[in-house]
Amino acid sequence: MLDINWRGLLLPLAYLAVLTGTFVTFSTVYRRRKALQSANLAPWFGPHLQRNIYLSLLHMEPEEGSEKAPKIPDSVIRAALLRRAVEDINRIIQIRTAKAACSSLLQRGSVGDDLWQRFQRAEKEMEDELRDVVMEANALVPGWGQIIFQSANEIAANKVLRDRLDEIEAQADSEKEWWEKRRAAIQTEFMKELDNESEKSNTRPSTSSADEPVLVDGNTPSTPSGGLKKRKGKK
Amino acid sequence: MSDQDHFTFIPLSIDPKSKSISSASSPSSRALEAELAALNSLHRALHTLDAPLVVPPPPMPVNPKRSANVSKLRESGNAEYRKARHAEAIKFYTLGLQMALTRPPWEPSQLVREEVHALYSNRAQAHMQLGNWPEAAVDAEASVAAKSQGNAKAWFRRGKCLLEMGRLQEAKSAVAKALEFEGEEKELAELLKEIEGRIAKEGN
């Protein structure tokens with residue numbers, strides 16, 4: 001009864017072993033690739049420069065020759081954290097504006113799944129970042145966490161307004177230059193018109209008389225009258 | 001997230017006297033330079049806070065001192081304008097603008113917009129009185145950039161200046177945009193008609 005025919009079972013057992021082995025290798029390889037792919041997806045945002053500066057300031061290294069790391073005053077640390085919060089506000093605005101567009105594009109199938117994955121990862125990272133900033137702010141000054149983003153929001157909005165105004169003000173010089181040229185062009189044109197008129201008024205009597213001496217007489221007063229009109233035009 | 005646990009170390013150095021931060025590695029990127037400049041100016045601005053405060057207070061309520069100064073300068077400008085001394089009025093408006101634009105950055109931007117749009121609009125009017133069309137056009141544009149709704153006067157001035165300089169198409173599009181923002185404003189509609197009349201005349 002217990003005398004199993006091992007030799008007969010060898011083939012099915014080998015078959016099962018190969019089958020499970022294939023499945024296991026396939027699934028591990030597949031999963032590893034998938035994980036690698038999502039890890040390799042480009043991040044939504046570039047490196048967070050302000051965050052790097054803030055953390056670098058906290059972890060200053062001693063300079064050559066001196067043993068202690070240079071002391072960073074608290075006010076600089078606070079300013080750096082505020083700059084970091086401002087950049088976070090900019091990123092939040094970007095995420096909010098991109099979200100509606102992104103999800104509708106995904107529903108229509110216009111963009112791939114990996115874009116959506118990148119987006120969701122960025123959203124999650126932002127949440128962690130905000131929590132981190134609030135915690136840091138509260139650690140620096142008690143109660144600052146509640147208002148740091150209000151201040152940062154105003155700083156970001158003011159920056160946008162000031163950049164726009166600077167851009168407009170920068171046009172002033174070129175506009176002025178353009179207008180000077182344009183006005184000069186209009187003036188010379190106007191003067192030409194005047195000259196033409198005066199020539200016409202000068203030639204008309206000369207043709208009517210058709211006499212040589214009268215023509216000379218007609219020409220001589222034309223120069224001063226033209227000059228007079230020129231002076232008038234300049235005013 | 002693992003990204004939250006590490007950061008890229010940037011070698012920085014601090015000037016022991018002025019406490020300004022600069023990049024320690026000599027070839028630094030332009031973005032880093034700009035950011036460090038912004039950081040240093042914000043740091044300096046933080047020092048202007050009144051003594052007990054070490055961080056910016058919430059945006060509201062606002063310190064009334066600067067607002068009072070700005071409105072005083074605008075009033076003086078208006079008084080000069082009424083006396084037909086336009087160049088002096090322009091000086092006052094310019095001072096007021098400087099005052100309004102150097103407000104600390106964490107104070108409400110909405111307030112800055114309110115103050116700045118009135119000053120730009122008034123300065124545009126004073127420039128128009130002097131016949132400085134390009135300056136007036138730029139000021140009017142800045143005014144509507146600060147506040148595009150409920151700013152019919154500035155829109156009108158922008159259109160008028162462009163018309164005076166003979167830039168008819170630009171004037172037309174500016175006034176058309178103004179009508180979008182302001183609804184049916186009578187003066188703007190009339191100006192649009194005038195511009196369209198000029199365009200028709202030049203076309204012939």
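The sequence lines fix the lettering, A, B, ..., with proteins before strands; numbering per chain opens at 1.
- Heavy-atom minimum distance, B:P134 versus A:W179: CD-CD1, 3.4 Å.
- Among B:E35, B:K19, B:E135, B:R113, the residue making the largest number of heavy-atom pairs under 4.5 Å with chain A is B:E35.
- Using a 4.5 Å cut-off on side-chain heavy atoms (C-beta onward), B:M165 and A:R182 make no contact.
- Side-chain contact between B:S20 and A:V76 is absent, with no heavy atoms from C-beta onward closer than 4.5 Å.
- Side-chain contact between A:W178 and B:R167 is present, with at least one heavy-atom pair separated by less than 4.5 Å.
- Of residues 101-120 of chain A, no residue lies under 4.5 Å from chain B by any heavy-atom pair.
- Residues B:W133 and A:E175 form no side-chain contact, since every pair of their non-hydrogen atoms from C-beta on lies 4.5 Å or further apart.
- The backbone N or O of B:T8 lies less than 3.5 Å from a partner atom in the side chain of A:N52, making a donor-acceptor pair.
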Exercise for the section: Report the C-alpha distance between A:H59 and B:F7 in whole Å, list the side-chain angles of each, state the deciding distance to 0.1 Å, and finish with yes or no for ring pair (Phe, Tyr, Trp, His ring centres under 6.0 Å). Expected result: CA-CA 11 Å; A:H59 299 91; B:F7 70 99; 5.3 Å; yes

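- Only the side chain of B:I21 comes within contact range of chain A, judged by heavy atoms closer than 4.5 Å.
- Note that CG of B:L12 is 5.5 Å distant from CG of A:L57, once rounded to the nearest 0.5 Å.
- Contact annotation for B:P57: only backbone heavy atoms (N, CA, C, O) come within less than 4.5 Å of a heavy atom of chain A.
- Closest non-hydrogen pair, A:I147 versus B:P56, comes out as CD1-O, 3.7 Å.
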Practice task
Mind running side chain to side chain contact (heavy atoms under 4.5 Å, CB included) on A:L49 and B:I10 for me, showing each step along the way?
Solution key: CA-CA 9 Å; A:L49 182 60; B:I10 302 170; 3.9 Å; yes

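- Residues A:A79 and B:L42 share a closest heavy-atom pair of O-CD2, 3.5 Å.
- Only the side chain of A:V141 comes within contact range of chain B, judged by heavy atoms closer than 4.5 Å.
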Under 3.5 Å, which donor-acceptor pairs link side chains of residues 93-100 of chain B to any protein atom two or more places apart or in another chain?
{"from": "B:Y93", "atom 1": "OH", "to": "B:N78", "atom 2": "N", "distance (Å)": "3.4"}
{"from": "B:Y93", "atom 1": "OH", "to": "B:N78", "atom 2": "OD1", "distance (Å)": "2.5"}
{"from": "B:T94", "atom 1": "OG1", "to": "B:I90", "atom 2": "O", "distance (Å)": "2.7"}
{"from": "B:T94", "atom 1": "OG1", "to": "B:R123", "atom 2": "NH1", "distance (Å)": "3.2"}

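- With chain B as the partner, the residue from A:A80, A:S75, A:A172 showing the most heavy-atom pairs under 4.5 Å is A:S75.
- The salt bridge (charged side-chain N to carboxylate O under 4.0 Å, His left out) check on A:E193 picks up nothing, with sequence neighbours excluded.
- Residues B:E141 and A:Q171 meet the side-chain proximity criterion, which asks for heavy atoms closer than 4.5 Å.
- Contact annotation for B:L46: only side-chain heavy atoms (C-beta onward) come within less than 4.5 Å of a heavy atom of chain A.
- Annotation for B:K147: atom NZ counts as buried by contact number, over 12 foreign heavy atoms lying within 6.0 Å.
- Within residues 148-169 of chain A, the residues having any heavy atom less than 4.5 Å from a heavy atom of chain B are, in residue-number order, A:Q150, A:S151, A:E154, A:I155, A:A157, A:N158, A:L161, A:R162, A:R164, A:L165, A:I168, A:E169.
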